[in-house]
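Taking it in order: structure first as structure tokens, then the write-up.
Letters A, B, ... are given to chains in the order of the sequence lines, protein chains preceding strands, and every chain is numbered from 1. Predicted model only: the values in this text are computed from it and were never measured.
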Amino acid sequence: MNFPTAPKTIAELEQRIELMAGLTLGEIANELDVMVPEDLTVEKGWAGQLIEAYLGATAGNLPEPDFQHLGIELKTIPIDSSGKPLETTFVSVAPLSGEITGTWQDSTVYKKLNHVLWVPIIAERKMAIPHRQIATPFLWKMTKHWESELSRDWQELTDLIVFGHHDKINATHGQWLQLRPKAADSSVRTDAYDQQGNPVKAPPKGFYLRTDFTRQLLTQQFQLDTL
DNA sequence: GCGTGATCATTG
DNA sequence: CAATGATCACGC
């Protein structure tokens with residue numbers, strides 16, 4: 001099967017996402033000759049990887065934007081029929097060891113969220129996978145306002161890591177971003193530092209966007225669409 | 001084992 | 001029923 005190649009320009013990407021609006025996951029899977037799972041319990045990232053393949057995203061599992069040449073990150077977001085996000089959005093793993101004292105603009109969170117192609121998918125749990133439908137994908141560039149908001153959260157969460165407060169790290173910190181487990185299971189441990197700066201083991205964490213953030217983005221986008 | 005893609009499942 | 005904590009597949 002021929003998978004699409006990466007779009008060379010933003011204009012080309014914009015053309016492709018216009019053609020994608022309204023398609024169901026079943027239609028896209030059929031076009032790519034991909035089997036559709038019964039449910040996502042054992043293939044949780046299936047929809048995201050399907051859309052990546054459909055749009056020719058190239059970064060694979062590198063910690064870089066999906067469309068490397070364009071510097072654009074692809075994020076699918078499950079929504080209900082009213083447009084409300086159903087899940088938080090994973091951003092990137094949080095570094096717990098090595099150089100964790102960098103600046104906001106050096107962070108993987110900034111690099112991933114600076115320029116994003118959001119692909120909302122109407123995907124209520126009761127809907128069969130093939131019937132789930134691409135809504136209106138849109139390109140989003142981080143504004144000064146959101147950069148101010150997100151960098152504040154990032155600093156708060158990063159401080160917890162830098163100061164070794166692993167016992168206090170949970171999903172309740174941060175207004176828009178949060179830290180949550182990111183591992184195969186709860187027994188996994190990775191290298192980190194304690195409060196004295198000595199090496200210890202701690203549960204791996206990831207940065208996630210709360211649904212409040214994506215809900216606001218979608219609301220803004222919806223208003224623009226109706227102008 | 002880590003980082004990519006995320007959603008599941010239990011709890012308050 | 002939303003939010004937090006737990007979990008699954010894949011590539012390397």
| Quick one: is C:dA2 close enough that its OP1 or OP2 comes under 4.0 Å of any side-chain N or O from A:R210? | no
Q. Mind checking whether A:W176 and A:F213 have parallel, tilted or perpendicular rings, split at 30° and 60°?
A. perpendicular
Item checked: Along DNA chain C (nearest heavy atom to each residue), the more 5'-positioned of A:T88 and A:S187 ->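 Result of the comparison: A:T88.
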Q. Nearest nucleotide by nearest heavy atom, which residue falls closer to the 5' end of DNA chain C, A:T41 or A:N170?
A.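 Final value for this comparison: A:N170.
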In whole Å, what is the span from the [atom1] atom of [X] to the [atom2] atom of [N]?
| X | N | atom1 | atom2 | value |
| --- | --- | --- | --- | --- |
| A:K182 | C:dT7 | NZ | P | 14 Å |
| A:E43 | C:dC8 | CD | P | 13 Å |
| A:I169 | C:dT4 | CD1 | P | 15 Å |
| A:Q178 | C:dG5 | CD | P | 9 Å |
| A:Y208 | C:dG5 | OH | P | 12 Å |
| A:R180 | C:dA2 | CZ | P | 15 Å |
| A:F90 | C:dA6 | CZ | P | 16 Å |
| A:D80 | C:dA2 | CG | P | 9 Å |

Determine the contact category for [X]: base if any of its heavy atoms lies under 4.0 Å from a base atom, sugar-phosphate if only primed atoms, P, OP1 or OP2 are that close, otherwise nothing.
| X | answer |
| --- | --- |
| A:K205 | nothing |
| A:T89 | nothing |
| A:A183 | base |
| A:G48 | sugar-phosphate |
| A:D39 | nothing |
| A:P204 | nothing |

Residues 193-208 of chain A vs side-chain hydrogen bond (donor to acceptor under 3.5 Å, both in side chains), sequence neighbours excluded, gives A:D191-A:K201
### Message
Could you tell me if A:Q216 and A:D212 have a donor-acceptor pair between their side chains, going purely by distance under 3.5 Å?
### Response
no
- Query: Which value, rounded to the nearest 0.5 Å, describes the distance between A:E43 atom CD and A:L50 atom CG?
  - Reply: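 Those atoms lie 11.0 Å apart.
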Between the CH2 atom in A:W140 and the CG atom in A:L113, the distance rounded to the nearest 0.5 Å is 6.0 Å
Nucleotide range of DNA chain B lying under 4.0 Å from chain A heavy atoms: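 Contacts span B:dC2 to B:dA9, reading 5' to 3'.
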Open item on the list: Check this for me, if you would: do A:K141 and A:E147 make a salt bridge, where the nitrogen-to-carboxylate-oxygen distance has to be below 4.0 angstrom?
Closed with: no
- request: Treat each ILVMFWY residue as a node, draw an edge where side-chain heavy atoms are under 4.5 Å apart, and state whether A:L179 and A:L150 are in one component.
  value: yes
